[in-house]
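Have a look at the structure below before the remarks.
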Amino acid sequence: MTISRDFFAQDAVSVARGLIGAELCIDGVGGRIVETEAYDAGDPASHSFGGATKRNAAMFGPVGHAYVYRIYGLHWCLNFVCAQDQPGSAVLIRAVEPLSGIDVMRARRGAIADRLLCSGPGRLAQALGVDAALDGAPLDQSPFALTAPDTPSRIVAGPRIGITKAAATPWRFCLAGSRYLSKPV
DNA sequence: CGTAAGATATTCT
DNA sequence: GAATATCTTACGT
């Protein structure tokens, strides 16, 4: 069951929660989403804070599209644009449980433990082959494949990671008990 | 086991 | 010129 565009019209927190347990594949490589973070419009920690710029243009585009950017000069991060009514909202995909194309991920990331293949935004992007070419790409078309979970997932919320502003806001969502998180709950 | 620091490039002030 | 939604490696305990 593909996730509809209406799903992404919701606010960032609802989308972040709803994505836990969904299956994400890019060009046949991917797995189950186990960790996300919400970045609301007007959030000081969000790239959209202070208005639209060239880099974050995709965040102000239509919902249900990808926003990809480079961080610290060497890592890519994958976001989903959401919240139709609040331009500048997005959800950061932080971790995925590898299910499909694991051999491809291993080839791209090197011979490391399976549980480390996608446990973090930069690792995930490298494993799935995300780069600037996917910035602004619609999530309901190739090479993306996004499938809603069959059953509701147990979700644990906590503070976001790696940011300096509004760090206490509990907008990090994890699949309870997953071994593929960037950090255990 | 833990904490600490370095690498690297695009973007904004 | 300074900052950044990170990862890896190194070293100490």
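All figures in this text were calculated on a predicted structure; none of them were measured in a lab. Each chain gets a letter, A, B and so on, in the order the sequences are listed, and its residues count up from 1.
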Notebook entry, point to check: Can you tell which of C:dT6, C:dA5, B:dT8 lies closest to the side chain of A:Leu74?
Noted result: B:dT8
Margin query: Please report the distance, rounded to the nearest Å, between NE2 in A:His47 and P in B:dT10.
Written below: 15 Å
Next item on the list: Any strand is fair game: report the nucleotide pairing with B:dT8 by Watson-Crick or G-U wobble, both distances under 3.5 Å, or none.
Entry: none
Margin query: Determine whether a donor-acceptor pair (one donor, one acceptor, N or O, separation below 3.5 Å) exists between the side chain of A:Tyr72 and the base of B:dA9.
Written below: no
Notebook entry, point to check: Between A:Ile163 and A:Leu116, who's closer to the 5' end of DNA chain C by nearest nucleotide?
Noted result: A:Ile163
Notebook entry, point to check: For C:dT6, does OP1 or OP2 lie under 4.0 Å from any side-chain N or O of A:Arg160?
Noted result: no
Margin query: From CZ of A:Arg94 over to P of C:dT6, roughly how many Å is that when rounded to an integer?
Written below: 6 Å
Notebook entry, point to check: Just how far, in rounded Å, is C1' of C:dC7 from CG of A:Leu92?
Noted result: 14 Å
Next item on the list: Report the distance from atom NZ of A:Lys54 to atom C1' of B:dT10, rounded to the nearest whole Å.
Entry: 10 Å
Check: Of all the nucleotides listed (C:dC7, C:dA5, B:dA9), which has the minimum atom distance to the side chain of A:Arg109?
Finding: C:dC7
Checklist line | Short side-chain N/O contact from A:Thr53 to OP1 or OP2 of B:dC12, under 4.0 Å | finding: yes
Item checked: Interatomic distance where CG belongs to A:Leu78 and C1' belongs to C:dA5 [whole Å] -> 13 Å
Margin query: Between A:Val29 and A:Ile102, is there a side-chain heavy-atom distance shorter than 4.5 Å?
Written below: no
Notebook entry, point to check: Over how many whole Å does the gap from A:Gln126 atom CD to C:dT8 atom C1' extend?
Noted result: 11 Å
Notebook entry, point to check: Could you give the CD1-to-P distance, from A:Ile71 to C:dT8, as a whole number of Å?
Noted result: 16 Å
Notebook entry, point to check: Of all the nucleotides listed (B:dA7, B:dC12, C:dC7), which has the minimum atom distance to the side chain of A:Arg55?
Noted result: B:dC12
Checklist line | Row check, A:Tyr39 ring normal vs A:Arg160 NZ/CZ: under 6.0 Å, within 45° | finding: yes
Notebook entry, point to check: A:Arg123 near the nucleic acid: base, sugar-phosphate alone, or nothing, with a heavy-atom cut-off under 4.0 Å?
Noted result: sugar-phosphate
Item checked: Flag if over 12 foreign heavy atoms under 6.0 Å of CZ, A:Arg108 -> yes
Checklist line | Check ion pair A:Asp114-A:Arg106 (N to O, under 4.0 angstrom) | finding: yes
Checklist line | Nearest-nucleotide comparison on DNA chain C, the residue closer to the 5′ end among A:Lys165 and A:Gly122 | finding: A:Lys165
Next item on the list: Send over the distance from A:Trp76 CH2 to B:dA9 P, rounded to a whole Å.
Entry: 11 Å
Notebook entry, point to check: So, do A:Leu146 and A:Phe80 sit near enough that their side-chain heavy atoms are less than 4.5 Å apart?
Noted result: yes
